[in-house]
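Below, read A as the first sequence line, B as the second, and so on, with proteins coming before strands; counting in each chain starts at 1. Since the structure is predicted, the reported quantities are computational estimates derived from the model, not experimental observations. Quick note: numbers below take in every heavy atom, side chains included, and nothing from hydrogens, waters or symmetry partners.
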There are 2 protein chains.
Amino acid sequence: MVTIKQVAEKADVSTATVSRVINGNYPVSEKARKKVVETIKELGYRPNSIARSLKCNKTYMVGMVVPDISNNYFMDIARGVESVISPLGYSLIFCSTDENTEKELKLLNALNDKRVDFVLLASSTQQSDKLKKFINQGMNIILIDTSIKDLETDIVVEDNFNATYKLISYVIDQGHRRIGAINGFMGVSTAKERYNGFLHALEDHDIPLEESYVVNGYYDRKKAYEEVKLMLQKNMSNLPTALFAANNDMAEGAMIALKEMNLKIPDDISLVSFGDINIPELVEPRLTIISQNSVLIGKKAGELMVRKVVEAECRENGISKISIPSEIIIRDSVKSI
Amino acid sequence: MVTIKQVAEKADVSTATVSRVINGNYPVSEKARKKVVETIKELGYRPNSIARSLKCNKTYMVGMVVPDISNNYFMDIARGVESVISPLGYSLIFCSTDENTEKELKLLNALNDKRVDFVLLASSTQQSDKLKKFINQGMNIILIDTSIKDLETDIVVEDNFNATYKLISYVIDQGHRRIGAINGFMGVSTAKERYNGFLHALEDHDIPLEESYVVNGYYDRKKAYEEVKLMLQKNMSNLPTALFAANNDMAEGAMIALKEMNLKIPDDISLVSFGDINIPELVEPRLTIISQNSVLIGKKAGELMVRKVVEAECRENGISKISIPSEIIIRDSVKSI
DNA sequence: ATGAAAGCGCTAACAA
DNA sequence: TTGTTAGCGCTTTCAT
């Protein structure tokens with residue numbers, strides 16, 4: 001690999017001058033500039049970003065840590081992030097914790113060692129003390145999707161409570177009174193908030209909660225599939241008329257379970273979901289859902305990052321909390337009774 | 001951030017000793033070791049991998065460049081890669097070119113600047129000369145999915161030709177004679193090989209090629225959707241009885257088109273695909289496909305990498321070509337006529 | 001077994 | 001406008 005020194009020698013200038021023409025941050029005579037540019041091209045020189053990072057304390061890398069790399073929701077967020085940071089020269093390191101606290105901590109450590117400029121974290125733990133440690137060490141953590149109790153840091157989230165409240169209210173308005181819920185992993189804020197929205201909607205409409213209709217799918221498709229199947233089998237004599245899935249993956253799991261049990265949506269059971277499934281165009285019936293605008297979440301997180309770097313230069317600072325709106329999309333999976 | 005120097009001072013040893021206990025590659029007295037370990041814990045010291053990388057010429061980062069980050073096929077490959085390299089301390093930088101040659105080159109440059117140890121490249125160009133330049137600069141490129149003419153480098157691919165040949169032969173065996181193809185971007189090897197398999201299957205069974213049944217979907221779902229729709233409209237009076245989609249995305253596009261035109265699979269038109277669609281469990285009918293084993297491709301690419309680092313230490317070297325087998329999964333989307 | 005010191009490739013303060 | 005040089009945090013050779 002050719003270094004700045006070799007360029008300097010061949011162009012007959014100092015390394016400082018070469019550095020100056022590369023970065024264009026200090027005046028260089030036109031003559032020297034030309035010569036250097038030529039030599040760089042000739043030698044095929046490319047600056048070593050490792051060396052640069054070491055010197056400047058800036059890596060132009062951002063780590064993104066999510067619980068499930070295969071969920072399109074997080075993929076879309078990643079694309080949103082990429083779309084704003086990539087033009088600015090940042091690269092994204094994309095990591096999955098598989099909902100595993102230990103792995104999450106390990107990844108955070110690795111990213112810390114790599115001195116990434118930012119970490120976008122969709123945490124699946126509530127370990128605020130460990131995360132605080134990272135922040136105190138100077139790590140720039142931006143929370144996405146999930147909030148963490150007692151942790152004061154920048155965050156981009158959705159309004160889980162209100163969106164769910166509205167969705168369940170709609171279901172109730174359609175005449176449903178026996179409504180079940182497929183919860184996400186209740187250790188994280190989104191699952192709790194969504195379930196709270198669910199509960200409050202029932203309560204405000206004077207509908208009793210039937211606990212045997214509530215299962216925990218841990219945000220996992222297979223788990224949701226199994227739990228829903230079990231729950232329905234147990235309640236065969238008095239089935240719920242509607243089900244709420246707390247995310248897209250679990251909605252898919254539920255649909256598979258219903259299909260296997262020959263329960264038709266929405267004729268036998270209605271189903272609504274927080275977040276859309278894959279290829280909604282091809283799956284019958286079209287699901288009534290909360291649309292999450294995941295790309296926007298990513299974009300906002302990206303913009304937050306770039307704002308942070310500007311602010312850092314101005315020695316300002318403050319904590320932002322951005323809430324992304326989500327809307328209900330009414331399709332065909334809820335029966336009016 | 002605490003540095004090795006601070007640890008050394010506090011532990012009353014030299015930085016060399018601290019480095020030695022961290023890396024465990026040189027003898028250190030038990031007493032010193034203990035003291036250092038303690039101090040590291042006390043100070044919460046973590047080695048700076050940037051500095052380490054600069055010194056050792058090794059970043060423990062691998063770049064993965066694919067044409068479409070949202071296609072599950074590439075995501076699965078990425079997961080395969082991750083599963084083998086992550087335990088070894090490597091991180092994956094995952095980038096999408098959106099099938100854009102210019103962007104591909106830009107990304108390759110960025111990864112080169114970052115001095116990633118390896119690049120896994122699913123190229124959407126055939127620019128062997130440009131890629132050669134990278135390789136000559138010392139970049140470790142491993143091709144995945146797509147081969148590139150005149151480029152001698154390690155590669156992990158599928159047997160596109162034979163798999164397609166078998167799949168189309170099966171369709172023909174079911175009695176079909178008017179068979180259409182939805183091709184991928186013909187600039188890349190996979191698209192060409194798959195189409196060749198398609199053509200040879202027809203030829204060997206004495207079936208004429210009906211050119212008006214062949215469209216180019218450029219491996220893009222929307223494009224495939226549009227082209228299929230157009231093609232069917234044009235051939236309304238003499239529809240093909242079967243269609244072959246060269247990848248999963250385009251199969252989805254075709255299904256949407258067929259659905260909109262009220263053509264039932266397989267009653268009106270049969271459909272087969274190279275690679276499986278999303279949530280096959282929920283889409284009717286279940287598609288007959290070539291199953292790609294994408295996670296395995298990733299794993300093999302990962303293993304190839306680790307073998308390379310071992311070989312590099314032994315100063316051996318050679319080029320590997322790994323071909324991943326794929327199998328036909330017969331489901332319900334081909335009518336027997 | 002340990003420490004001093006050079007140096008990885010770069011940037012920037014300082015001097016000229 | 002330019003060159004010299006220190007130093008970013010680490011590893012490793014060489015000397016002890």
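For the pair B:Lys41 and B:Glu38, the salt-bridge criterion is not met [side-chain N within less than 4.0 Å of a carboxylate O]. Taking 4.0 Å as the cut-off between side-chain N and carboxylate O, A:Lys132 and A:Glu152 do not count as a salt-bridged pair. Using a cut-off of 4.0 Å between Lys/Arg side-chain N and Asp/Glu carboxylate O, A:Glu30 and A:Arg33 are scored as salt-bridged. A:Asp154 has no carboxylate O lying under 4.0 Å from a charged side-chain N of A:Lys321, or vice versa, which leaves the two without a salt bridge.
For the segment residues 24-34 of chain B, the set of residues with a heavy atom within less than 4.0 Å of an atom of DNA chain C comprises B:Pro27, B:Val28, B:Ser29, B:Ala32, in numerical order. Applying a 4.0 Å cut-off to non-hydrogen atoms, the residues of residues 47-58 of chain B that approach DNA chain D are B:Pro47, B:Asn48, B:Ala51, B:Arg52, B:Lys55, B:Cys56, listed by residue number. Less than 4.0 Å separates DNA chain D from at least one heavy atom of each of the following residues of residues 4-19 of chain B: B:Ile4, B:Ala16, B:Ser19.
Atom-to-atom, CG of B:Asn23 to P of D:dT12 comes out at 7 Å; the value is rounded to the nearest Å. In this structure, CD1 of B:Ile22 is placed 16 Å from C1' of C:dT2, rounded to the nearest angstrom.
At distances below 3.5 Å, not a single donor-acceptor pair connects side-chain atoms of A:Ser189 with backbone N or O atoms of A:Thr146.
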From CA spacing to verdict: ring pair (Phe, Tyr, Trp, His ring centres under 6.0 Å), A:Tyr90, A:Tyr60:
CA-CA 5 Å; A:Tyr90 285 83; A:Tyr60 287 93; 5.0 Å; yes
Walk me through it: do B:Met64 and B:Ile77 pass the test side chain to side chain contact (heavy atoms under 4.5 Å, CB included)?
CA-CA 10 Å; B:Met64 179 160 169; B:Ile77 297 183; 3.7 Å; yes
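In this structure, CE in A:Met139 is found 5.5 Å from CG in A:Leu111, a value given to the nearest 0.5 Å.
For a distance-only test at 3.5 Å, the side chain of A:Arg115 fails to qualify as a donor-acceptor partner of the base of D:dG9.
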